[in-house]
Amino acid sequence: MTENLIGESRRPGRIEVVCGSMFSGKTEELIRRLRRARFAKQHVAIFKPTMDVRYSPSDVVSHDHTALRSIPVHQSDEILKLSGGCDVVGIDEAQFFDNHIVAVCNKLAYQGVRVIIAGLDMDFLGNPFGPMPALMAVADEVTKVHAICVKCGSLAYASHRLVNDKEQVMLGEKQEYEPLCRECFQKALLNDKRNAQSRSLFEK
Ligand SMILES: [Zn+2]
């Protein structure tokens with residue numbers, strides 16, 4: 001990790017983004033940073049979009065079930081209202097928030113809050129996901145974490161969807177996605193395209 005956190009307790013506000021594909025450990029990294037802040041007696045709050053109800057409606061839960069209690073919010077504006085008195089604000093699954101999340105994070109940082117954001121950098125087609133590119137742009141620090149490609153063992157680049165669904169907003173379960181490196185991801189997308197074409201021929 002490249003965090004430079006000397007004198008953490010007296011630092012001015014800042015924005016940290018932890019992003020990567022599915023199974024890259026970004027939520028675990030968010031939890032690690034938040035836990036450490038909490039050990040340092042800092043006031044910590046964690047938010048996530050209400051739509052992420054994968055395992056528990058009120059916990060940030062990572063895939064290995066290390067949970068921290070979080071506050072589900074419908075809109076990014078609610079984070080401002082609910083984070084009064086916080087030293088550190090964590091935001092999980094940030095890709096699902098509206099674009100206003102960028103202004104919210106900036107405002108918090110200017111107020112002296114350390115904002116730690118975790119989210120998917122790309123969707124299942126390899127396109128930048130929701131507000132993540134803008135959040136990465138305004139961040140003081142960006143950490144890309146990586147899963148391992150299930151095909152070849154290289155560092156993974158993107159999350160390939162295994163089920164046939166065009167909807168961008170589909171929540172991640174292990175059986176629905178696989179982390180792939182850039183090369184294997186490209187091959188998989190081509191393969192999906194071919195399969196879709198043959199399916200549509202078959203349906204005609
Ligand atoms: Zn690969």
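FYI, side chains are in, hydrogens and waters are out, and symmetry mates aren't considered; it's all heavy atoms of this structure. Order of appearance sets the numbers: ligands from 1, and atoms from 1 within every ligand.
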Test your reading of the model: is there a side-chain donor-acceptor pair from D87 to the backbone of H43, 3.5 Å cut-off? yes

Donor-acceptor check, side chain of Q186 to backbone of E183, threshold 3.5 angstrom: yes or no? no

Charged N to carboxylate O under 4.0 angstrom, R33 versus E29? yes

Atom pair CD1 (I91) and NZ (K48), whose distance is rounded to the nearest 0.5 Å: 13.5 Å

Flag yes if more than 12 heavy atoms outside Q111 fall under 6.0 Å of its CD atom; otherwise flag no. yes

Close to the Zn ion (ligand 1), meaning under 2.8 Å, how many protein N, O or S atoms are there? 4

Name all residues meeting the side chain to side chain contact (heavy atoms under 4.5 Å, CB included) criterion together with R182; count only those two or more places apart in sequence or in a different chain, and write none if there are none. Y157

